[in-house]
Amino acid sequence: MLDIRWMREHRAELAAAMAKLNDTEAPWEKALELDERRRAILTRVEALRAERNSGSKEVGRLYQAGQRSEADALKARMASIGDEIAQLDAELREVEAAFNDAMLRIPNPPDPEAPVAPDESGNRVVLEVGTRPSFAFTPLAHWDLGEKLGIIDVERGAKLAGSRFYVLRGAGALLQRALANYFLDVHTTEHGYEEVYPPFMVRGECMVGTGNLPKFGDNLYRDVEEDYWFIPTAEVPVTNLHRDEILAASDLPRYYVAHTPCFRREKLSAGKDVRGIKRVHQFEKVEMVKFVAPEHGRAELESLVANAEVLVARLGLPYRRVLIATGDLSFVACLKYDIEVWAAGCQEWLEISSCSWFRDFQARRANIRYRTAEGKIEYVHTLNGSGLALPRIIIAILENYQQPDGTVVVPEVLRPYMGGRSVIG
RNA sequence: GGAGGGAUGGCCGAGCGGACGAAGGCGGUUGUCUUGAAAACAACUGUGGCAGCAAUGUCACCGGGGGUUCGAAUCCCUCUCCCUCCGCCA
């Protein structure tokens, strides 16, 4: 959410920022209009309230002084003011509801550093590390490899839950567990993150806080009976950890890491990426979330992306860092890097991490503030990034480390997490 | 799932229709005293909206929402959460 006062005073700047996004429905003009109406009603209703407050006090005083008839007359006058207030209140409630809804549907303006382009064609590769493996044979894609090795069972996943579900078996399940443990260990022991185990279902307010609601409810699973929403990423519960809190300056920066399943409806992508486990309804991810003082927001994005990249590097996978263009930015991010890993089988760069800086956009929605050293209360900055998404890393390991005999070599760093195992198959 | 009891400021806790943004205590900040610290004493110490260059004024907030009333922390309805007992369950 944006600061309405900032919006009022920087209309042109706001318009220019919104034009850089590919969101033509952003109701920022509507919000400004509703804000005018809201304030007009507010000043009227508050003047009436002030009058009623002092009048009501006077009624009490008159009764105590025994001046009944004066009191009754004043009481009648206050009653009619009350009616007027009730009427304006109803109007105000309506306008305010519309205003709030509009505010929640305005995306975060992009940072000036983001390349300006209408879509992903403007994304900029800023770093490429490692060399893509070459093979003396034709490398298999993970869906074939996984099936042959008996470690990815897409067919039975579909039997249990439908398309875009899968079963990891044996060494496949072990590999995922090893990855999660390895990632968590690195983040907690080397990068200063606190591990948390949050609920995987949350209330709607949490989804509003991170920006998933009201606009993107279509992508979420939900238990209507209990009004629980299934998290699409650990970002949701972890960011909301400090919702409605005022942190001390000494609490910042705060780094959290969580390993959770992620549930996504992926409704709009039917027909795309159907094979294998690249795009599925349920997957595991290790997620990093940061709460920081505003002056460190930008720098914290760099360390965040570095925290994710070191994992890819240590797994020996070729990867690149992509700076996302304005038209490809998510609703909440003002600046974002994607990390993509090369998958030799399907011959694709796969996004395995998205590292975003939100400025105070989420903090305003979730009301997360801190008290500065000077005692002022300000919104924190939030950031988050995957570190890392597991199925796609499994894909990359299988496809890049495959051998002529159909086996897969286990990256060195994972072997201690897999009982010393060095080969799958 | 059934029965009961609760929710008040950073924390504890009073208030149960007007003088209450809210007693008192703890904590915090500042000052006096002290070589320094402690103690004691004194003052200050919630969040947000609106108007204003500002000083300031004004409105709202006592778990959330709605209602009764001239007037609600206080009365009524409803929801959420917490606690106790019973049932069920890994």
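Naming convention: chains lettered A, B, ... in sequence-line order (proteins, then strands); numbering from 1 in each chain.
- Among the heavy atoms of the strands, none lies under 4.0 Å from A:Asp72.
- Whole-Å rounding puts the A:Lys376 NZ to B:rU47 C1' distance at 16 Å.
- When heavy atoms are screened at a 4.0 angstrom cut-off, A:Leu74 is found touching no nucleic acid atom at all.
- Proximity of A:Arg37 to the phosphate of B:rC50: no side-chain N or O atom is located under 4.0 Å from OP1 or OP2.
- The nearest whole Å value for the distance from the CG atom in A:Asp244 to the C1' atom in B:rA7 is 16 Å.
- Nucleotides B:rU47 and B:rU34 are separated by 38 Å at their C1' atoms, to the nearest Å.
- Atom CG of A:Asp89 is separated from atom P of B:rC50 by 17 Å (rounded to the nearest Å).
- Note: A:His191 and A:Tyr255 fail the aromatic proximity criterion, with ring centroids not under 6.0 Å apart.
- To the nearest whole angstrom, the two P atoms, one in B:rU32 and one in B:rG25, are 23 Å apart.
- Each of A:Arg39 and A:Glu51 has a nearest nucleotide on RNA chain B; the 5'-most of these lies closest to A:Arg39.
- Nucleic acid contact for A:Arg5: sugar-phosphate only, since backbone atoms but no base atoms lie under 4.0 Å from a heavy atom of the residue.
- Checked for salt-bridge contact, A:Asp101 and A:Lys30 miss the test: no charged N lies under 4.0 Å from a carboxylate O.
- Minimum atom distance to the side chain of A:Arg203 is reached by B:rU80, of the listed B:rU80, B:rC70, B:rG49.
- We find that CG of A:Leu88 is positioned 17 Å from C1' of B:rG49, with the value rounded to whole Å.
- Rounded to a whole angstrom, the distance from the C1' atom of B:rA55 to that of B:rA60 is 23 Å.
- Between A:Arg169 and A:Glu155 there is no salt bridge, since none of the side-chain N atoms of the basic residue sits less than 4.0 Å from a carboxylate O of the acidic one.
- Among the atoms of the strands shown, only primed sugar atoms or phosphate atoms (P, OP1, OP2) are found under 4.0 Å from some heavy atom of A:Arg52.
- For the pair A:Tyr228 OH and B:rU80 C1', the computed distance is 11 Å after rounding to whole Å.
- In the displayed structure, A:Arg298 atom CZ is contacted under 6.0 Å by more than 12 heavy atoms of other residues, nucleotides or ligands.
- Closest contact between the side chain of A:Val59 and the listed nucleotides B:rG49, B:rC59, B:rC70 involves B:rC70.
- The separation between A:Asn367 atom CG and B:rG49 atom C1' is 14 Å, rounded to whole Å.
- Using a cutoff of 4.0 Å between basic side-chain nitrogens and carboxylate oxygens, A:Asp89 and A:Arg93 are not scored as salt-bridged.
- Between the base of B:rG18 and the side chain of A:Gln64 there is no donor-acceptor pair shorter than 3.5 Å.
- Within the 4.0 angstrom heavy-atom criterion, only backbone atoms of the sugar-phosphate kind lie near A:Arg8; the bases stay farther away.
- When distances run from any side-chain atom of A:Ala50 to the nucleotides B:rC70, B:rU58, B:rC50, the shortest one goes to B:rU58.
- A gap of 14 Å separates the P atoms of B:rG4 and B:rC79, to the nearest Å.
- Nucleotides B:rG9 and B:rG67, compared at atom C1', are 27 Å apart to the nearest Å.
- The distance between atom CG of A:Asp83 and atom P of B:rU69, rounded to the nearest whole Å, is 10 Å.
- With A:Tyr337 as the aromatic partner, A:Arg321 meets the cation-pi criteria of under 6.0 angstrom to the ring centre and within 45 degrees of the ring axis.
- Two residues, A:Met78 and A:Ser56, neighbour RNA chain B, and the one matched to the more 5' nucleotide by heavy-atom proximity is A:Ser56.
- For A:Ser386 (side chain) and A:Ser354 (main-chain N/O), a donor-acceptor pair under 3.5 Å exists by modelled atom type.
- Out of B:rC59, B:rG48, B:rC50, the shortest distance to the side chain of A:Arg369 is found at B:rG48.
- The separation of B:rG15 from B:rC20, taken at their P atoms, amounts to 16 Å, rounded to a whole angstrom.
- The phosphate of B:rG71 (OP1 or OP2) has no side-chain N or O of A:Asn53 nearer than 4.0 angstrom.
- Of all nucleotides listed (B:rU47, B:rG18, B:rC50), B:rC50 comes nearest to the side chain of A:Thr43.
- Of the candidates B:rG49, B:rC50, B:rA60, B:rG49 carries the atom nearest the A:Glu46 side chain, counting heavy atoms from C-beta on.
- Below 30°, between 30° and 60°, or above 60°: for A:Tyr256 and A:His242 the angle between ring planes is between 30° and 60°, a tilted geometry.
- Using a 4.0 Å cut-off between charged nitrogen and carboxylate oxygen, A:Arg314 and A:Glu190 count as a salt-bridge pair.
- Taking atom C1' in both B:rC33 and B:rG71, the straight-line distance is 49 Å, to the nearest Å.
- Here the two rings, on A:Tyr182 and A:Tyr417, have centers that are under 6.0 Å apart.
- B:rG71 atom C1' lies 15 Å from atom CG of A:Leu48, rounded to whole Å.
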Give the dot-bracket string for RNA chain B, reading 5' to 3', where a pair is Watson-Crick or G-U wobble with both distances under 3.5 Å, ( ) marks pairs inside the strand, [ ] marks pairs crossing earlier ones, | marks a partner on another strand, and . marks unpaired. ((((((((.[[[..)..(.....]]]((((((.......))))))((((((....)))))).[[[[[..)....]]]]])))))))....
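- Distance from the side chain of A:Arg93 is smallest to B:rG67 among B:rG67, B:rG49, B:rG18.
- With P as the reference atom, B:rA43 and B:rC26 are 14 Å apart, rounded to whole Å.
- Checking B:rC70, B:rU47, B:rC59 against the side-chain heavy atoms of A:Ile246 singles out B:rU47 as nearest.
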